Amino acid sequence: MKNDQQTYVPDPEVASRLLEWYGREGRDLPWRRTRDPYRIWISEVILQQTRVAQGMSYYHRFLELFPDVAALASAPEDLVLKCWQGLGYYSRVRNLHRAAVLLCEEYGGELPADYDRLLALPGVGEYTAGAVASIAFGLPVPAVDGNVLRVAVRLDNDFTPITDAKFKKQTRERFAALMPSDRPGDLNQSLMELGATVCLPNGAPRCDDCPIQHLCEGFHRGNAAVLPLRAAKKARRVENRT
Ligand code: SF4
């Protein structure tokens, strides 16, 4: 749906359809059975660059060794790194460790129920802050990752590359306007779930199984599989050397 300024505003029906679908079809994952902010935070960091199947065993092992913020903060760094072995992107776990120390020093070992304070923690970006704030604390803030950006461009038949910083900001604002006060975490998770299981990347969306197909401009225009568009590569500079 476009408003007067021709900016995309998702139809409110997108939220109600997704929530209904998520309640019925959402995968039963261990971090969805808890409201513990620490566990939700750990799961979000593990899943940043990792597939669910691989991340699951790490999630359980990490929480067995470090069941809460205080346990993580007081653990020696080499033990924390060892627990992460095989997952890669070690800056993630170093930041987790640093953030845990800071949480003990400044927040009594609890995660703050505040988006900006979460965002200020080491290694926590807008997506993770939004996910923890909405899922653990019920705050009406969006959590926009690559999955959600892909859904957004397809929904609006938008040819802007999803790496575009302005587009990301606009998408956050647009989905913020959709957040229901009672289930913001579920709406964020339903969007991520749609991107992860139905609105798939690499030209393979499963539109026939999509609960918001009738609201999707990209589908109706026949462009679902070609979106999102890749950003044009910068021309290579050719240097003449003698
Ligand atoms: Fe994605 Fe297809 Fe659903 Fe549109 S109809 S949101 S392209 S899965």
Side-chain angles (χ1 to χ4, degrees), residues 1-29 32 44 47-55 125-128 130-131 134-135 141-180 183-234:
M1 185 199 294
K2 306 246 183 185
N3 65 12
D4 294 345
Q5 287 82 43
Q6 291 297 293
T7 49
Y8 165 63
V9 178
D11 191 311
E13 196 188 338
V14 166
S16 56
R17 292 275 177 169
L18 283 177
L19 284 170
E20 191 268 326
W21 169 80
Y22 180 66
R24 205 179 56 239
E25 305 277 342
R27 289 167 294 174
D28 179 19
L29 300 171
R32 288 184 178 163
E44 289 297 340
L47 293 175
Q48 269 168 22
Q49 313 277 350
T50 307
R51 293 148 77 95
V52 166
Q54 190 197 3
E126 285 170 333
Y127 165 77
T128 307
S134 63
I135 300 168
V141 286
V144 173
D145 66 354
N147 281 328
V148 177
L149 289 167
R150 184 170 62 254
V151 172
V153 283
R154 287 174 173 169
L155 262 180
D156 194 39
N157 193 43
D158 190 329
F159 285 76
T160 311
I162 58 174
T163 46
D164 184 277
K166 195 168 152 210
F167 176 74
K168 279 188 199 171
K169 183 170 177 284
Q170 286 173 344
T171 302
R172 272 197 298 276
E173 287 165 0
R174 291 159 183 166
F175 283 118
L178 273 194
M179 286 292 132
R183 295 176 65 192
D186 282 351
L187 182 61
N188 281 332
Q189 292 193 91
S190 72
L191 276 160
M192 299 170 206
E193 186 80 350
L194 190 80
T197 63
V198 176
C199 197
L200 296 171
N202 306 322
R206 295 172 40 224
C207 300
D208 288 346
D209 297 322
C210 181
I212 50 173
Q213 187 203 75
H214 62 297
L215 301 166
C216 180
E217 196 70 13
F219 170 78
H220 291 297
R221 303 276 181 106
N223 291 327
V226 298
L227 291 168
L229 221 60
R230 282 181 198 282
K233 279 191 183 159
K234 282 191 184 153

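Here the structure is a predicted model, which is why all the values come from computation and not from measurement.
Nearest heavy atom pair, residue Leu215 against residue Leu155, reads O-CD2, 3.7 Å. Contact record, Pro201 with Arg154: CA-NH2, 4.2 Å, taken as the closest heavy-atom pair. Here the closest non-hydrogen pair linking Asn157 and Arg221 is ND2-CG, 3.6 Å. Of all non-hydrogen atoms in Asp209 and Trp21, the two that sit nearest each other are O-NE1, 4.5 Å. Summarising the geometry of Cys207 relative to Gln213, their closest heavy-atom pair is O-NE2, 3.0 Å, with the distance given to 0.1 Å. A pairwise comparison of heavy atoms in Glu193 and Glu25 identifies OE2-O, 4.3 Å as the closest pair.
No side-chain donor-acceptor contact under 3.5 Å links Asn223 to the backbone of Glu217. Although no hydrogens or angles enter the test, the distance criterion places a donor-acceptor pair under 3.5 Å between the side chain of Asp158 and the main chain of Thr160. Distance alone, capped at 3.5 Å, is enough to place a donor-acceptor pair between the Arg206 side chain and the Thr197 backbone.
The distance from the CD atom of Gln54 to the CD atom of Gln49 is 11.5 Å, given to the nearest 0.5 Å. For the atom pair Lys168 NZ and Thr163 OG1, the distance stands at 7.0 Å (nearest 0.5 Å). Note that NZ of Lys169 and CZ of Arg172 are 8.0 Å apart. Values are rounded to the nearest 0.5 Å. Rounded to the nearest 0.5 angstrom, Arg183 CZ and Tyr22 OH are separated by 9.0 Å. Distance check, rounded to the nearest 0.5 Å: CD1 of Ile135 to CD of Gln189 gives 3.5 Å.
Contact of the Leu187 side chain with the Ser190 side chain is registered, since non-hydrogen atoms from C-beta on lie closer than 4.5 Å. In this structure, the side chains of Leu149 and Pro228 stay at 4.5 Å or more apart for every pair of heavy atoms. Annotation: side chain of His214 is in contact with side chain of Arg17 (closest heavy-atom distance under 4.5 Å). Counting heavy atoms from C-beta outward, Val52 and Leu47 have side chains that approach closer than 4.5 Å. In this structure, Asn188 and Met179 have side chains that are in contact, with non-hydrogen atoms separated by less than 4.5 Å. Using a 4.5 Å heavy-atom cutoff, the side chains of Pro211 and Leu18 are in contact.
Residue-environment remark: CZ (Arg24) exceeds the threshold of 12 foreign heavy atoms within 6.0 Å.
The side-chain contact (heavy atoms from CB on, under 4.5 Å) test with Leu191 is passed by exactly one of Val144, Asn147, Val148: Val148.
Defined by atom type and a distance below 3.5 Å, a donor-acceptor pair is missing between the side-chain atoms of Tyr127 and Gln48.
Not a single salt bridge (Lys or Arg N to Asp or Glu O under 4.0 Å) links Arg150 to another residue, sequence neighbours left out.
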